[in-house]
Amino acid sequence: MKNCIFCKIIKGEIPSIKVWEDAETYAFMDINPTRPGHMLIIPKKHVDYIFETEEPLFTKLFVNAKKLSKALKSSTGALKIGLAIEGIAVRHVHLHLIPVNNVNDLDPCKSKKGNIEELKQMAEKIRKELKD
Ligand code: AMP
Ligand code: ZN
């Protein structure tokens, strides 16, 4: 989709801090994390609304989110990994995977511009956990 920032990330037209990908999905660090480790998983194909995502892609997103959540939880030591799906600012389906320890840890008002080096280090840490 023209002018979609996440389609541009998939095509490599704008940079992103990749964590993992497979043939249908792509996971990368959110540049304005709500909590350290905040990442996104998106379908490579442009879909606007999560509940209009066709099968088997819909299931694939959640299966891969589950796989990533395990690595994210062990690399951050968080109590749980929270899931948020809203897609008002960016109209390309994305699942927010956010390490949570307290109520309100998913609150998007808490998001702040991340430090690129710290985001890269976090992505590396998560990738290592995925391999183990
Ligand atoms: P929303 O559509 O409300 O779920 O918000 C879009 C999310 O995408 C926000 O958390 C942004 O920080 C994030 N975001 C926007 N552009 C980028 C980008 N280029 N790289 C990583 N994350 C992004
Ligand atoms: Zn798109």
Side-chain angles (χ1 to χ4, degrees):
M1 164 83 60
K2 219 177 147 199
N3 296 329
C4 168
I5 189 160
F6 287 175
C7 282
K8 287 184 180 171
I9 284 178
I10 297 296
K11 284 189 237 155
E13 291 173 5
I14 61 168
S16 64
I17 302 167
K18 176 178 143 179
V19 176
W20 180 86
E21 69 181 313
D22 68 0
E24 293 89 20
T25 65
Y26 185 83
F28 58 110
M29 302 310 293
D30 194 303
I31 41 164
N32 305 299
T34 299
R35 300 266 314 137
H38 182 173
M39 56 185 283
L40 305 172
I41 177 165
I42 67 175
K44 289 187 171 175
K45 178 184 167 191
H46 183 92
V47 183
D48 177 348
Y49 177 40
I50 184 69
F51 294 120
E52 287 174 356
T53 309
E54 289 180 0
E55 290 292 1
L57 183 57
F58 182 83
T59 298
K60 187 99 199 201
L61 272 171
F62 285 87
V63 168
N64 289 346
K66 183 176 180 180
K67 172 188 168 85
L68 290 162
S69 76
K70 289 176 190 156
L72 185 53
K73 187 169 180 291
S74 50
S75 55
T76 57
L79 189 59
K80 291 187 175 179
I81 300 303
L83 179 63
I85 308 170
E86 166 230 276
I88 296 297
V90 178
R91 304 292 176 101
H92 179 133
V93 166
H94 49 283
L95 279 55
H96 294 260
L97 296 174
I98 304 177
V100 291
N101 292 310
N102 297 294
V103 285
N104 298 330
D105 275 353
L106 290 180
D107 182 356
C109 297
K110 290 184 179 168
S111 72
K112 286 192 207 104
K113 191 169 165 37
N115 171 288
I116 297 297
E117 276 317 305
E118 284 175 15
L119 295 176
K120 284 182 180 167
Q121 280 169 22
M122 182 59 81
E124 183 57 35
K125 213 171 159 187
I126 302 164
R127 267 197 301 276
K128 276 199 185 128
E129 291 291 323
L130 275 169
K131 280 185 206 143
D132 298 339

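These numbers come from the heavy atoms of this one structure, side chains and all, not from hydrogens, waters or symmetry mates. First listed ligand is number 1; within each ligand, the first listed atom is number 1.
- With hydrogens and angles disregarded, a donor-acceptor distance shorter than 3.5 Å links the side chain of Arg127 to the backbone of Lys18.
- Atoms of ligand 1 found under 4.0 Å from any heavy atom of His96, numbered from 1 in the order shown, are 4 (O), 7 (C), 10 (O).
- The closest donor-acceptor contact from the side chain of Asn104 to the backbone of Asp107 lies at 3.5 Å or more, if one exists at all.
- Ring-plane geometry between Tyr49 and Phe51 is classed as perpendicular, the angle between the planes exceeding 60 degrees on a 0 to 90 degree scale with a lower cut at 30.
- For atom 18 (C) of ligand 1, the choice among Ile31, Asn32, Ile42, Thr34 with the nearest heavy atom turns out to be Ile31.
- In His46, the N, O or S atom that comes nearest to the Zn ion (ligand 2) is ND1.
- The atoms of ligand 1 that sit less than 4.0 Å from any heavy atom of Phe28 are 20 (N), 21 (C), 22 (N).
- Under the 3.5 Å distance criterion, with hydrogens and angles disregarded, no donor-acceptor pair is assigned to the side chains of Ser75 and Glu129.
- Of the listed options His94, Met29, Glu86, Met29 places a heavy atom closest to atom 21 (C) of ligand 1.
- Among all protein heavy atoms, the one lying closest to atom 10 (O) of ligand 1 is Asp30 OD2, 2.5 Å.
- For Glu55 (side chain) and Thr59 (main-chain N/O), a donor-acceptor pair under 3.5 Å exists by modelled atom type.
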Fill in: Chi angles and distances behind the side chain to side chain contact (heavy atoms under 4.5 Å, CB included) call for Tyr26, Ile41
CA-CA 6 Å; Tyr26 185 83; Ile41 177 165; over 6 Å; no
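- Heavy atoms of Val90 found under 4.0 angstrom from ligand 1 belong to the backbone as well as the side chain.
- For ligand 1, the polar-atom distance check against Ala89 finds a nitrogen or oxygen pair separated by under 3.5 Å.
- When non-hydrogen atoms are compared, ligand 1 lies under 4.0 Å from the side chain of Ile9 (C-beta onward) but not from its backbone.
- Seen from the Zn ion (ligand 2), atom SG of Cys4 and atom ND1 of His92 lie 100° apart in angle, a value rounded to 10°.
- When the shell of 6.0 Å around NZ of Lys128 is examined, it contains 12 or fewer heavy atoms from other residues, nucleotides or ligands.
- Salt-bridge check for Glu21 with Lys44: passed, with a basic side-chain N closer than 4.0 Å to an acidic carboxylate O.
- Note: no N/O pair closer than 3.5 Å links His38 and ligand 1 by distance alone.
- Residue Pro15 places no N or O, backbone or side chain, under 3.5 Å from any N or O of ligand 1.
- His94 and His92 have their aromatic ring centers separated by at least 6.0 angstrom.
- If you check which protein heavy atom lies closest to atom 8 (O) of ligand 1, you get Phe6 CZ, 3.6 Å.
- Residue contact check: Gly87 has heavy atoms under 4.0 Å from atoms 2 (O), 4 (O) of ligand 1.
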